[in-house]
Amino acid sequence: VYFPLIEITLKSSKDDLSLIAEKLFEKIGKKHLISIGQTKSLAQIVHELLINSQKTLALAESCTGGLVAKLLTDFPGSSEYLLGSLVT
């Protein structure tokens, strides 16, 4: 189970993938891009960003039922940044 996201995979028999990708990013915007060529989950990327930036996080979840906290605590070291989580 992964937090909802849209994954786009581009495949081509030609060498024009970078051009196609660039046109796609023009349409959706690069600010929504998480990674290129990585197989990491969104939770793992957030985990690494929080560890590396030495920032902390506190969560208040409702409809997710604690899923965000669960996904983050699957990684060792999450107690360094996760202050707590409430499911309300």
Side-chain angles (χ1 to χ4, degrees):
V1 166
Y2 293 98
F3 198 71
L5 65 105
I6 297 172
E7 181 178 324
I8 300 172
T9 303
L10 301 175
K11 294 180 182 182
S12 175
S13 59
K14 299 179 182 179
D15 293 333
D16 58 355
L17 275 181
S18 60
L19 179 61
I20 295 169
E22 198 58 41
K23 287 182 180 183
L24 177 65
F25 298 144
E26 286 174 13
K27 296 286 184 190
I28 63 173
K30 287 187 178 182
K31 69 179 180 180
H32 301 292
L33 177 66
I34 296 171
S35 67
I36 296 176
Q38 293 187 17
T39 56
K40 296 178 182 179
S41 68
L42 177 58
Q44 186 173 1
I45 292 168
V46 170
H47 168 81
E48 291 172 1
L49 286 171
L50 288 167
I51 291 284
N52 293 334
S53 68
Q54 298 181 332
K55 298 202 184 256
T56 57
L57 176 68
L59 298 167
E61 300 183 63
S62 177
C63 297
T64 57
L67 178 62
V68 176
K70 184 261 185 255
L71 291 173
L72 290 173
T73 56
D74 282 346
F75 300 102
S78 60
S79 58
E80 290 183 36
Y81 60 81
L82 188 59
L83 301 177
S85 177
L86 295 172
V87 178
T88 60

| query | With the 4.5 Å side-chain cut-off for hydrophobic clustering, are L57 and I51 part of the same group? | reply |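 Per the 4.5 Å side-chain linkage, L57 and I51 are co-clustered.
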| query | Is a donor on one side and an acceptor on the other found under 3.5 Å between the side chain of T73 and the backbone of K70? | reply | yes
| E61 side chain to L67 backbone, donor-acceptor under 3.5 Å |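 Indeed, once roles are kept as given, a pair shorter than 3.5 Å links the two residues.
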Distance from [X] atom [atom1] to [Y] atom [atom2], nearest 0.5 Å?
| X | Y | atom1 | atom2 | answer |
| --- | --- | --- | --- | --- |
| Q44 | E48 | CD | CD | 4.5 Å |
| L50 | E80 | CG | CD | 10.5 Å |
| L83 | L59 | CG | CG | 9.0 Å |
| S79 | L72 | OG | CG | 12.0 Å |
| S41 | D74 | OG | CG | 8.5 Å |

| Does any pair with a residue in residues 55-88 pass ring-ring contact (aromatic ring centres under 6.0 Å, His included), and if so which ones, sequence neighbours excluded? | H47-F75, H47-Y81
